[in-house]
Amino acid sequence: MQKRFFSTEFFIILLFFVMPPIIFPQTTGDEYVMEIPYTVFILAALSFCLWWQIKAEKNIQTPSQTSRLRVLMNHGHCLVTFGTLLVTAGGIELICRLSPVTQNKPHLLPPETFSGWLNVIFGTLCAAFYEEVLYRVYLPDAMKRIFVHRKGGSSFQSEVPQTTKKDLRSFALESAAVILFALAHRYVGWISVLNALIAGTVLRRCYIKTASLLSCFIAHTLYNFVMLLATLA
């Protein structure tokens, strides 16, 4: 894909997919029945198309094409990531309980119908998938492609080596992607933003180590289901 069209695609995705949950967070009452909005399913479908494009451009191999050793290593990273997410969430929850400052969290009620449970189950899967495609794969790599690996450069000569400047820009853009992911969770409260900030960092690290969307998706999905059951309990 040509650079100008790629930049246009990136800013469209940033404007219509990334910024809305930050600027217009969902509002909930103190108590409500758990229900996944239809927009999550639309985002998952669009993210599938986006992942297909990424896979074609990067020539990403399917799990069946990778070696058994690589698959086992990816499974190991997946389990470590899942465990880290649980420990982080448990630690933050413990700190909140011991803190004198309380946070009002909405109380989730379990669905009352079979279709309601299907909505929650498939919605949770779709949410994990589109967040992994968008925040773990597309967003950080797209920003680095546009702002770090662009052709040409400034005529201004600095004493900082070019490789160092690229490393600093890459770190800043990686951090920006994680921050955007965290802010997308501010409708649940700032404690959830902190948790998402750490979770986003851990999941992105998992993707860098494994180059596998599946490993991140499995860890994210398992974590979401555990947190969902703990919240509904």
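Counting begins at 1 with the first residue of the sequence. Quick caveat: nothing in here was measured; it's all calculated off a predicted structure.
Judged as a side chain to side chain donor-acceptor pair (under 3.5 Å), and not counting sequence neighbours, Thr81 has no contacts. Looking at residues two or more places apart in sequence or on another chain, you find a ring-ring contact (aromatic ring centres under 6.0 Å, His included) between Tyr135 and Phe181. Taking Glu131 as the reference, nothing meets the salt bridge (charged side-chain N to carboxylate O under 4.0 Å, His left out) condition, with sequence neighbours excluded. By the side chain to side chain donor-acceptor pair (under 3.5 Å) test, Tyr130 pairs with no residue at all, sequence neighbours left out. The salt bridge (charged side-chain N to carboxylate O under 4.0 Å, His left out) search around Arg205 returns none, not counting sequence neighbours.
There is a path of hydrophobic side-chain contacts, each under 4.5 Å, that joins Ile42 to Val120. Clustering ILVMFWY residues whenever any of their side-chain heavy atoms sit less than 4.5 angstrom apart, transitively, puts Met73 in a cluster other than the one holding Val80. When hydrophobic clusters are built by joining Ile, Leu, Val, Met, Phe, Trp and Tyr residues whose side-chain heavy atoms come closer than 4.5 Å, directly or via intermediates, Leu72 is not grouped with Ile218. Under a hydrophobic clustering in which Ile, Leu, Val, Met, Phe, Trp and Tyr are joined whenever their side-chain heavy atoms come within less than 4.5 Å, directly or via other members, Val202 and Met227 fall into the same cluster. Val87 is not connected to Leu85 by any chain of hydrophobic side-chain contacts under 4.5 Å among Ile, Leu, Val, Met, Phe, Trp and Tyr, and they are in different clusters.
Note on residues 171-198: pairs passing salt bridge (charged side-chain N to carboxylate O under 4.0 Å, His left out), not counting sequence neighbours, are Lys144-Glu174, Glu174-Arg204.
Nearest heavy atom pair, residue Ala184 against residue Ile22, reads N-CG1, 3.9 Å. The shortest heavy-atom contact between Ile121 and Phe225 is O-CZ, 3.7 Å. Scanning both residues, Arg70 and Lys209, for their nearest heavy atoms gives NH2-O, 3.1 Å. The two residues Phe41 and Pro37 come nearest to each other via the heavy atoms CD1-O, 3.7 Å. Of all the heavy atoms in Ala127 and Val40, the pair that sits closest is N-CG1, 3.7 Å. Counting all heavy atoms, side chain and backbone alike, Ser215 lies closest to Thr210 at CB-OG1, 4.1 Å.
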Could you walk me through whether Lys55 and Leu213 pass side-chain contact (heavy atoms from CB on, under 4.5 Å), step by step? CA-CA 10 Å; Lys55 186 177 178 182; Leu213 177 71; over 6 Å; no
Working for side-chain contact (heavy atoms from CB on, under 4.5 Å), residues Phe48 and Val133: CA-CA 8 Å; Phe48 179 81; Val133 172; over 6 Å; no
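Between Tyr138 and Phe6, the ring planes are tilted. Angles from 30° to 60° get that label.
Separation of atoms CZ (Phe16) and CG (Leu43) is listed at 13.0 Å; rounding is to 0.5 Å. Note: His77 NE2 to Ile208 CD1 = 11.5 Å, rounded to the nearest 0.5 Å. Distance CZ/Arg145 to OG/Ser7: 8.0 Å, rounded to 0.5 Å. Expressed to the nearest 0.5 Å, how far OG1 of Thr231 lies from CG of Leu109 amounts to 12.0 Å. Taking CG of Leu50 as the reference point, atom CD1 of Ile13 lies at 4.5 Å (rounded to 0.5 Å). Residue Phe129 holds its CZ atom at 10.0 Å from OG1 of Thr221, rounded to the nearest 0.5 Å.
Just one of Ile198, Leu197, Leu203 meets the side chain to side chain contact (heavy atoms under 4.5 Å, CB included) condition when paired with Val178; it is Leu197.
Between Tyr187 and Ser192, every side-chain heavy-atom pair lies at or beyond the 4.5 Å cut-off.
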